[in-house]
2 protein chains.
Amino acid sequence: MSDASSAPALYRWEGHQAAKPVDPKLEALVRDIIGKVADKWTMLILEALEEHGTLRFTDVGRKLGDISQKMLTKTLRQMEADGLVARTVHPVIPPHVDYQLTEMGQSLGAAFCGVWLWAEAHHAAIEASRAAFRARQD
Amino acid sequence: MSDASSAPALYRWEGHQAAKPVDPKLEALVRDIIGKVADKWTMLILEALEEHGTLRFTDVGRKLGDISQKMLTKTLRQMEADGLVARTVHPVIPPHVDYQLTEMGQSLGAAFCGVWLWAEAHHAAIEASRAAFRARQD
DNA sequence: GAGCCTACTTTCCAAAGGAGAGCATGAGAC
DNA sequence: GTCTCATGCTCTCCTTTGGAAAGTAGGCTC
């Protein structure tokens, strides 16, 4: 309200407050990382590699079960670019490519561990909530 | 390999190994929950509510900054259905709706805390990896 | 020389998501 | 009385993302 004098009277959805105690750059950066890392496929690949150690391209796909090859390629590339997985190409025919977690990938896997445990602990409560919500909607 | 005799010789991308030590039902359920919960907007809303306590609809949108109203509505509804947030409608004009984390939402926020710390701790390393990856691509 | 094997790539199509307008409705301005 | 605004959505386009399936390279086997 303080700076509403010069701003148009219209409600601005995209407006952002200027005064923030934390560093906005760091905030945005962390938010970007979260946006990339908090991806369904990233988490699932992370878990598969954490559990099985080194996996080949097709094996990762099989562990996940229902990922398309396009998304598998894309997500693995992104994770490689972010330094989460190491990609080892054995120059043989037919091609042989191994993927494994880097140290950073392992640490992220450890950080996500709590979320997995949470999901395992609360899946019953979540399903109950969904049922109750559905009943409430009627 | 054991059941390859009756299966077609073609490589089946969508195939899945039958012998697994863990319960496949639980595995699938947890995977589904992770797929829902490991959503960019869910995590960001969770953090905003964790940090600010109770927020109104438009305030949540402002904290996130770049979410569309459609996704905000949809994600909040999903989180409400999953029992992560409580939605309180004050029947006044103009409408006033409050959102706050439930106990379960708070526990999920705590579980994600490790991921936030990881992101804050490793953002420099990630950027370095990205730069190196880009240079490697040339 | 036909086919296979593997890690992709490409193409086409469906689904998800963003931008912006519209809606209901009563309080306050004029 | 009439006009406008404020708020939490909802609806309608239109762009981007993601899935399914076919294609590719190239040495190797039959």
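Treat the numbers as computed from the prediction; the structure is a model and nothing was measured.
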Candidates Ile45(A), Leu84(A), Leu46(A) - the one meeting side chain to side chain contact (heavy atoms under 4.5 Å, CB included) with Leu101(A): Leu46(A)
Sorted by chain and residue number, the ring-ring contact (aromatic ring centres under 6.0 Å, His included) partners of Trp116(B) (sequence neighbours excluded) come out as none
The side chain of Pro94(A) lies closest to which of these nucleotides: dA20(D), dG26(C), dC5(C)? dC5(C)
Pairs under 3.5 angstrom, nitrogen or oxygen only, protein versus nucleotides 8-12 of chain D, please.
unit_1: dG8(D); atom_1: OP1; unit_2: Arg56(B); atom_2: NE; d: 2.9
unit_1: dG8(D); atom_1: OP1; unit_2: Arg56(B); atom_2: NH2; d: 2.8
unit_1: dG8(D); atom_1: OP1; unit_2: Val97(B); atom_2: N; d: 3.4
unit_1: dG8(D); atom_1: OP2; unit_2: Thr58(B); atom_2: OG1; d: 3.0
unit_1: dC9(D); atom_1: OP1; unit_2: Arg77(B); atom_2: NH2; d: 3.0
unit_1: dC9(D); atom_1: OP1; unit_2: Arg87(B); atom_2: NH2; d: 2.5
unit_1: dC9(D); atom_1: OP2; unit_2: Tyr99(B); atom_2: OH; d: 2.5
unit_1: dT10(D); atom_1: OP2; unit_2: Arg77(B); atom_2: NH1; d: 3.4

[X] [atom1] to [N] [atom2]: how many Å, rounded?
X: Met71(B); N: dT16(D); atom1: CE; atom2: C1'; value: 13 Å
X: Asp66(B); N: dG20(C); atom1: CG; atom2: C1'; value: 17 Å
X: Leu72(A); N: dT6(C); atom1: CG; atom2: P; value: 15 Å
X: His90(A); N: dT6(C); atom1: NE2; atom2: P; value: 14 Å
X: Glu80(A); N: dA7(C); atom1: CD; atom2: P; value: 14 Å
X: Gln78(B); N: dG17(C); atom1: CD; atom2: P; value: 11 Å
X: Lys74(B); N: dA15(C); atom1: NZ; atom2: P; value: 13 Å

By side-chain contact (heavy atoms from CB on, under 4.5 Å) - contacts of Ala48(B) (at least two apart): Leu55(B), Lys63(B), Leu64(B)
Pairing residues for Ala81(B) by the side-chain contact (heavy atoms from CB on, under 4.5 Å) criterion, not counting sequence neighbours: Phe133(A)
Return whichever of Trp41(A) or Ile93(A) has its heavy-atom-nearest nucleotide of DNA chain D closer to the 5' end. Trp41(A)
Which atom pairs, donor and acceptor, lie under 3.5 Å between side-chain atoms of residues 87-94 of chain B and protein residues at least two apart or in another chain?
unit_1: Arg87(B); atom_1: NE; unit_2: Tyr99(B); atom_2: OH; d: 3.2
unit_1: His90(B); atom_1: NE2; unit_2: Asp98(B); atom_2: OD2; d: 2.9

Residues at least two apart in sequence or cross-chain that pass side chain to side chain donor-acceptor pair (under 3.5 Å) with Thr102(A), listed by chain then number, are none
